[in-house]
Amino acid sequence: MPGWLEWWQRGPGGAVRPLLLDLDPEHSAYSDYTHWDWHTLPRETGSRAVAGPYVDYLCSDEYGLTLSEPVTLDGRFVGVAAADVYLRHFEAAVLPALQRLPAPARLVNARGRVAASTDPAHLVGSLTKGPDFGAVLAGPPDGRHADGLRLLPCAGTPLVLVTAES
């Protein structure tokens, strides 16, 4: 099946413009997006995903996240709807809530990548090893405990809140 990518980007002046990638595998500038986490995770799990944080060298040279969701037609996977979010905007939205918690906390994606943190031992972008965060997201929303940590899935968002067990 041929690739298709409808990608729009806001320019410095606020104008929205299309970003055009070469999707012809016969060309040297071919961009195969189908192996990137923002595409593979929704395809493999059938659920929303958060890829990153990562430095977006392709477009903005900014630290960001990609939030994505599978698109299906008659129960068959046909693609992904996704949005890139600058990490500075994401942190501005979530850090006030994290700072109100009684202990250091962090938000991690299904692969354990830290998306926001008030814990100096777990910096944004670092990888949290240990628990299976994908299983936490797939499980019941009541939270789990592992290795002295409390793991709470964030309802409707594929992130896990990690805090010290109280």
Side-chain angles (χ1 to χ4, degrees), residues 3-10 16 19 21 31-73 77-101 103-147 149-164:
W4 178 260
L5 186 64
E6 188 76 22
W7 195 345
W8 295 85
Q9 185 176 42
R10 186 175 304 277
V16 176
L19 180 66
L21 295 177
S31 297
D32 181 7
Y33 58 86
T34 62
H35 66 280
W36 294 339
D37 276 354
W38 62 264
H39 192 274
T40 60
L41 287 170
R43 182 182 65 216
E44 292 169 2
T45 66
S47 299
R48 292 177 176 171
V50 174
Y54 57 87
V55 177
D56 185 358
Y57 292 113
L58 184 61
C59 296
S60 66
D61 290 330
E62 291 236 18
Y63 219 24
L65 301 167
T66 300
L67 300 103
S68 57
E69 184 163 350
V71 175
T72 59
L73 181 63
F77 177 84
V78 294
V80 170
D84 293 332
V85 177
Y86 290 135
L87 192 62
R88 58 189 158 92
H89 295 299
F90 179 77
E91 287 181 313
V94 301
L95 279 178
L98 291 179
Q99 290 168 335
R100 285 193 298 271
L101 296 174
R106 61 192 180 275
L107 291 171
V108 302
N109 68 14
R111 297 195 193 262
R113 183 80 52 198
V114 178
S117 178
T118 60
D119 186 343
H122 298 278
L123 301 177
V124 170
S126 65
L127 191 59
T128 300
K129 298 185 184 211
D132 181 348
F133 296 105
V136 172
L137 289 168
D142 58 354
R144 296 186 186 178
H145 300 270
D147 301 324
L149 299 174
R150 184 156 188 227
L151 311 170
L152 293 166
C154 298
T157 304
L159 291 170
V160 176
L161 174 65
V162 181
T163 61

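By convention here, the first residue in the shown sequence is residue 1. Keep in mind that this is a model prediction, so the values were computed, not measured.
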If you compare all heavy atoms of V80 against all heavy atoms of H39, which two are closest, and at what distance to 0.1 Å? CG2-CD2, 3.7 Å
Can you confirm whether T66 sits close enough to W36 that some side-chain heavy atom of one is under 4.5 Å from a side-chain heavy atom of the other? no
Taking every non-hydrogen atom, the tightest pair across E69 and P42: C-CB, 4.0 Å
Between the CZ atom in R111 and the OG1 atom in T128, the distance rounded to the nearest 0.5 Å is 14.5 Å
D147 side chain vs L149 backbone, donor-acceptor pair below 3.5 Å: no
Does the T118 side chain pair with the main chain of A105, one donor and one acceptor, at a distance under 3.5 Å? yes
Can a donor-acceptor pair be found, under 3.5 Å and without considering hydrogens, that links the side chain of T157 to the backbone of L159? no
Return yes if some donor-acceptor pair links the side-chain N/O of S117 with the main-chain N/O of H122 below 3.5 Å, else return no. yes
Report yes or no: does N109 contribute a side-chain atom to a donor-acceptor pair with the main-chain N or O of A49 at less than 3.5 Å? no
Checking R43 side chain against T34 main chain: does a donor-acceptor pair fall under 3.5 Å? yes
To the nearest 0.5 Å, what is the distance between CZ on R106 and CG on L101? 12.5 Å
Once rounded to the nearest 0.5 Å, what's the spacing between atom CG of D37 and atom OH of Y54? 10.0 Å
Heavy-atom side-chain proximity of L137 to S47 below 4.5 angstrom: no
With side chains defined as the heavy atoms from C-beta onward, is the minimum distance between L161 and L98 less than 4.5 Å? yes
Checking R113 side chain against P53 main chain: does a donor-acceptor pair fall under 3.5 Å? no
Between the CG atom in D84 and the CG atom in L67, the distance rounded to the nearest 0.5 Å is 8.5 Å
What are the two closest heavy atoms between S68 and W38, and how far apart are they? OG-O, 2.7 Å
